[in-house]
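One structure below.
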Amino acid sequence: MACRLSLMIVLVAAAVAAVAGHNITEMLASSPEYSLYNDALTRTKLADEINSRTTITVLVLPNAVMSSLLAKNPLPVVKNVLSLLVLLDYYDEKKLHDISKGTTLSTTVYQTTGQPEGNLGFVNITDLRGGKVGFGSAAPGSPLDSTFTKSVKQIPYNISVLEVSAPIIAPGVLSAPAPSAADLNITTLLVKAGCKMFADMLASTGVLKTYQSAAAKGLTLFAPSDDAFKGAGVPDFSKLTSAELVSLLEYHAVAEYKPIGSLKTTSGNITTLATSGAGKYGLTVSSAGDAVTLSTGVDSSRISGTVVDDTPLVIFTVDKILLPVELFAATPAPAPSPSSAPSPSPASASAPAPESASAPASVASPPAPPAGPAEAPAASSPEISSNGTSANASSSPLAHAVPRLVLAGSILSALASLL
Ligand SMILES: *[C@@H]1O[C@H](CO)[C@@H](O)[C@H](O)[C@H]1NC(C)=O
Ligand SMILES: *[C@@H]1O[C@H](CO)[C@@H](O)[C@H](O)[C@H]1NC(C)=O
Ligand SMILES: *[C@@H]1O[C@H](CO)[C@@H](O)[C@H](O)[C@H]1NC(C)=O
Ligand SMILES: *[C@@H]1O[C@H](CO)[C@@H](O)[C@H](O)[C@H]1NC(C)=O
Ligand SMILES: *[C@@H]1O[C@H](CO)[C@@H](O)[C@H](O)[C@H]1NC(C)=O
Ligand SMILES: *[C@@H]1O[C@H](CO)[C@@H](O)[C@H](O)[C@H]1NC(C)=O
Ligand SMILES: *[C@@H]1O[C@H](CO)[C@@H](O)[C@H](O)[C@H]1NC(C)=O
């Protein structure tokens with residue numbers, strides 16, 4: 001591996017900042033009359049979105065209403081409908097009845113998805129005659145046909161759970177269902193989002209097919225923008241073997257649907273499609289406010305946008321190529337001497353551990369800008385290198401080479417057999 005970057009141990013804020021103190025799944029667990037709603041929150045990952053926020057109101061639907069919604073609509077549509085029931089403000093029963101002038105608009109999680117036009121992601125809350133409170137879409141002429149039925153649970157000013165009689169239907173929310181994830185053309189989406197170089201690499205290596213077939217079961221992609229390929233310190237990928245290139249590209253995907261709210265509630269590392277064994281090709285996720293950072297142990301990268309979020313496929317753009325420690329570690333591996341190795345297994349744990357202290361911070365590559373306000377203090381924390389992506393895990397690439405090459409090879413041959 002000719003391209004070696006200095007190992008920059010990018011430290012992660014020990015406490016993930018974005019997690020609020022509540023767990024909606026747990027709050028609803030003791031109310032079996034909302035079990036369908038609760039299950040849908042989990043499946044759509046809206047539960048993570050709710051848990052990552054404070055000052056929030058969740059309007060829940062009883063099972064009878066929920067079962068008809070589920071029967072008539074695919075999951076991405078259900079997700080949109082439920083997103084309209086999560087208000088980004090705190091309303092308990094008292095506040096509902098105290099609304100000034102008896103009517104107000106509240107924004108919802110649906111508005112934050114970038115899908116609705118205008119104010120379609122807003123909800124109208126109106127104190128109706130006779131003590132009833134009605135909810136409806138903020139779109140002009142929408143009926144206020146969902147009514148407050150009872151208060152379920154509150155953690156004052158953080159989260160309120162209220163039951164309503166019916167979903168709030170914004171115009172178009174049911175009639176324009178999102179295409180199924182399996183039908184989305186990943187190449188087209190990537191090119192449109194300014195990630196053409198990444199898309200080209202996926203196509204030329206065949207990794208695109210791996211992605212496309214995983215998309216229906218749950219897939220999260222981190223696509224580096226074209227600018228990321230032009231940045232300073234980008235290694236020369238032509239020096240990688242084709243198996244290594246496949247691993248590099250697979251490192252940019254997670255075999256699970258993890259929309260932004262889920263990433264925000266993820267602390268620590270996650271496995272990628274390149275992961276071939278415990279601790280290999282992992283990514284560490286951290287967040288501060290709305291900023292989500294992925295650290296590889298070599299470098300860190302920020303999520304800069306969402307290209308598509310269509311349960312169970314989500315594609316993000318990232319501002320830097322994710323460089324796994326397994327391919328771009330700073331410390332050169334000592335050349336193994338093949339003749340003197342009696343063990344048939346080069347991966348054996350008895351391989352001498354190379355000096356881990358010798359990773360010098362190369363002056364050639366400038367340190368990454370701090371990825372978020374919360375990370376700055378962490379960078380000075382001394383206790384990090386203990387585990388995960390430290391120099392010592394990365395300095396022995398040979399130990400990981402066998403499973404990785406086997407995996408990459410089997411993917412290549414699987415691809416070859418498809419062609
Ligand atoms: C929330 O609670 C559920 C059920 O108790 C549990 O499975 C889940 O892991 C919890 N989530 C978090 C983020 O703690
Ligand atoms: C909410 O809807 C009602 C009925 O359409 C309307 O009279 C009221 O002005 C709306 N409230 C707001 C704040 O737009
Ligand atoms: C409300 O949320 C804040 C974090 O935003 C947390 O510090 C506080 O403990 C929470 N309150 C309760 C009662 O859980
Ligand atoms: C995706 O679109 C590209 C052109 O943008 C086309 O060449 C390719 O065949 C399409 N892929 C699929 C799987 O439809
Ligand atoms: C994640 O971190 C834990 C503890 O720090 C470690 O045991 C595990 O091997 C790591 N996994 C990956 C994929 O990096
Ligand atoms: C990793 O480093 C620790 C301390 O720095 C050392 O005790 C351990 O033996 C090293 N492990 C490997 C596999 O190099
Ligand atoms: C690193 O993680 C491994 C696997 O989780 C664990 O066995 C080991 O004790 C950890 N090492 C340190 C120094 O924390």
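All ligand and atom numbering here is 1-based and tracks the order in the structure. This chain uses plain numbering: 1 for the first residue, then up along the sequence.
Rounding to the nearest 0.5 Å places CG of L283 at 8.0 Å from OG1 of T275.
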(request) Could you walk me through whether L313 and Y257 pass the side-chain contact (heavy atoms from CB on, under 4.5 Å) test, one step at a time? (result) CA-CA 6 Å; L313 170 70; Y257 173 59; 5.9 Å; no
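Residue I155 has at least one heavy-atom neighbour below 4.0 Å for each of these atoms of ligand 3: 12 (C), 13 (C), 14 (O). Ligand-side atoms of ligand 1 in range of N23: 1 (C), 2 (O), 3 (C), 8 (C), 10 (C), 11 (N), 12 (C), 14 (O), range being under 4.0 angstrom from any heavy atom.
Within 4.0 Å of ligand 4, contacts by protein heavy atoms are made from N185, T188.
Within 6.0 Å of NZ in K192 there are 12 or fewer heavy atoms belonging to other residues, nucleotides or ligands. With a 6.0 Å radius and a threshold of 12 heavy atoms from other residues, nucleotides or ligands, D290 has its CG atom at or below the threshold.
Below 3.5 Å of separation, one finds an N or O of E26 facing an N or O of ligand 1.
Taking the salt bridge (Lys or Arg N to Asp or Glu O under 4.0 Å) definition, one finds that D200 meets it with K196, sequence neighbours left out. E33 pairs by the salt bridge (Lys or Arg N to Asp or Glu O under 4.0 Å) definition with nothing, not counting sequence neighbours. By the salt bridge (Lys or Arg N to Asp or Glu O under 4.0 Å) test, K94 pairs with D98, sequence neighbours left out.
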